[in-house]
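These figures come from a predicted structure and were not determined experimentally. Excluded from the calculations below are hydrogen atoms, water molecules and symmetry mates; all remaining heavy atoms, backbone and side chain alike, are included. We count ligands from 1, going down the list as the structure has it; atoms in each ligand are counted the same way.
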Amino acid sequence: MTTDIIAIENRHTSGVYHKQKLIFVRGEGACLWDIDGNEYLDCNAGHGVANLGHAHPTISTAIAEQSQQLITLFETFYNDRRSYLLEKLTSLMPGMDRVFLCNSGTESIEAALKFARLSTGRSEIVAAMRGFHGRSFGALSATWNKKYREPFEPLVPGFHHVPYNQIPALEEAITDQTAAVLLEVIQGEGGVYPADPKYLQAARRLCTDRGALLIMDEVQTGFGRTGKMFAIQHHSILPDMLCIAKSLAGGIPAGAVMMTDSVQNLAPGVHGSTFGGNPLACAAALAVLQVFEEQDIPGQAANKGKYLMERLQKISSPLIREVRGMGLMVGIELKRKVSPYLQMLQQHQILALNAGLSTIRLLPPLVINYPQLDRLVDTLAIVLADE
Ligand SMILES: Cc1ncc(COP(=O)(O)O)c(C=O)c1O
């Protein structure tokens, strides 16, 4: 059975993924179970999607009920679930009253880039080195890593990359041709590097002064991950657009661009999405937001993140260069390549990610409990004990 499943996927998969020989069939909370019934602690959470963990009863009930009412409805028609979601989402980001609904992080970036060009009549985009924004042509053009870009060149013209957290470079790059500056609040894929508050303030000021829009990519940092609903709420600035996705609908594909009144010229027909704002995803997202509110999930992430960080800082290992992050988005930079250590963690039944070549990235469900955090730290201490 196990060999069949692997053989079938290997035969028919596109080939674009590094496959790992694990077959998961069930999840609950912060755990996954493989086909033989072995339990794994999931600090991937589907690359930061399962912020409320797996098989959350409120989400699965909402999905089951909505699936019997109405699954799909193009946004040209009105819908109860969608209207409640729009009202709820916009209440979370005062100043952002309009939302474009789509299906993924990449799509939300793609839409924001188009909206920025449409709104300003300018074509250039400034993004950051080490930034990751997705793999479609626009989002890929904003992404920095050559590994993702080079096979697909030529990309979209007009994109410039500046070093992250360096204000003078940003000052030089933003011109009267700049439609938008696109930044992550914490660079995730690039290595878990938080933005300097002064850098974000400078980005806001420079964009306002020079007539460019500021787009924050919160696809990975959103929905409580860093200890606030959105990571930008740690900083006292309001971007013009906020791109969100991943955990928005608890694992049902969903993305969104939230925007202020400074985004203009969005007339009927300029953009769209067949699945965007479908009632099933909206019902799931409403259930997600209900749980966030009832259980103060961002507050939980802040407290658990502080506990995790304090315990990680105390690990004495010759391999660790730095531990950094915010809330439950944590990077452990090693002096070595991380892949063998991720394999060792896997042998101890803990799943974690890399960020770049040398950083272990932890994105556990925000509902992970303290004994599970202890298990994670104790195992990391064992795995990282020797050079
Ligand atoms: C910061 C950021 N932006 C955009 C994306 C692309 O999102 P998706 O894979 O949902 O298209 C990701 C995915 O990891 C991301 O981390």
Side-chain angles (χ1 to χ4, degrees), residues 14 16-18 43-51 100-116 125-145 147-149 152 155-156 159 161 164-165 180-195 200 203 214-226 230-232 239 241-258 273 275-276 278 281 284-285 288 325-331 351-356 359 361-364:
S14 62
V16 303
Y17 296 103
H18 289 290
C43 297
N44 281 7
H47 287 223
V49 169
N51 284 11
F100 172 75
L101 293 167
C102 54
N103 315 288
S104 70
T106 301
E107 271 184 77
S108 74
I109 297 292
E110 208 64 37
L113 294 172
K114 286 178 73 179
F115 296 168
I125 306 289
V126 175
M129 291 175 181
R130 277 192 325 234
F132 182 86
H133 301 286
R135 297 165 186 271
S136 61
F137 274 99
L140 185 62
S141 304
T143 292
W144 183 66
N145 195 328
K147 179 178 81 174
Y148 301 132
R149 297 166 56 89
F152 304 102
L155 299 178
V156 180
F159 285 71
H161 290 91
Y164 194 61
N165 273 340
V181 173
L182 169 60
L183 296 170
E184 291 160 90
V185 188
I186 300 176
Q187 292 189 312
E189 182 88 15
V192 191
Y193 289 99
L200 294 180
L214 178 62
I215 308 170
M216 296 308 305
D217 178 347
E218 290 237 33
V219 169
Q220 196 164 137
T221 50
F223 293 94
R225 170 69 48 202
T226 68
F230 301 113
I232 198 66
M241 286 185 259
L242 193 70
C243 293
I244 51 179
K246 289 210 190 270
S247 61
L248 166 57
I252 296 285
V257 184
M258 300 181 66
S273 161
F275 293 124
N278 71 76
V288 165
M326 220 181 208
L328 284 174
M329 179 167 181
V330 174
L351 306 174
L353 284 166
N354 70 306
T359 301
R361 184 170 29 150
L362 303 173
L363 297 175

**Q** Considering only non-hydrogen protein atoms, determine which one is nearest to atom 10 (O) of ligand 1 and report residue, atom name and distance to 0.1 Å.
**A** Gly105 N, 2.9 Å

**Q** Does His47 come within less than 4.0 Å of ligand 1, judged by its heavy atoms?
**A** no

**Q** Any sub-3.5 Å donor-acceptor pair from Glu218's side-chain atoms to Ile232's backbone N or O?
**A** yes

**Q** Provide the number and element of each atom of ligand 1 under 4.0 Å from a heavy atom of Asp217.
**A** 1 (C), 2 (C), 3 (N), 4 (C)

**Q** Taking all heavy atoms of Ala180 and all of Ala116, pick out the closest pair and write down the distance.
**A** CB-CB, 3.7 Å

**Q** Are Tyr193 and Tyr164 an aromatic pair by the rule of ring centers under 6.0 Å?
**A** no

**Q** Select one of side chain, backbone, both or neither to describe which atoms of Glu107 lie under 4.0 Å from any atom of ligand 1, heavy atoms only.
**A** neither

**Q** What's the separation between atom CD in Glu189 and atom OH in Tyr148, rounded to the nearest 0.5 Å?
**A** 4.0 Å

**Q** To the nearest 0.5 Å, tell me how far His133 NE2 sits from Thr143 OG1.
**A** 6.0 Å

**Q** Heavy-atom contacts with Phe132 under 4.0 Å: which atoms of ligand 1 show up? List them by number with element.
**A** 1 (C), 2 (C), 3 (N), 5 (C), 12 (C), 13 (C), 14 (O), 15 (C)

**Q** Under 4.0 Å, heavy-atom basis, I'd like to know which part of Glu184 is in contact with ligand 1: side chain, backbone, both or neither.
**A** side chain

**Q** Which protein non-hydrogen atom lies closest to atom 14 (O) of ligand 1, naming both residue and atom, and how far is it?
**A** Lys246 NZ, 2.9 Å

**Q** Quick one: look at Thr106 and ligand 1, take heavy-atom pairs under 4.0 Å, and tell me if it's side chain, backbone, both or neither.
**A** both

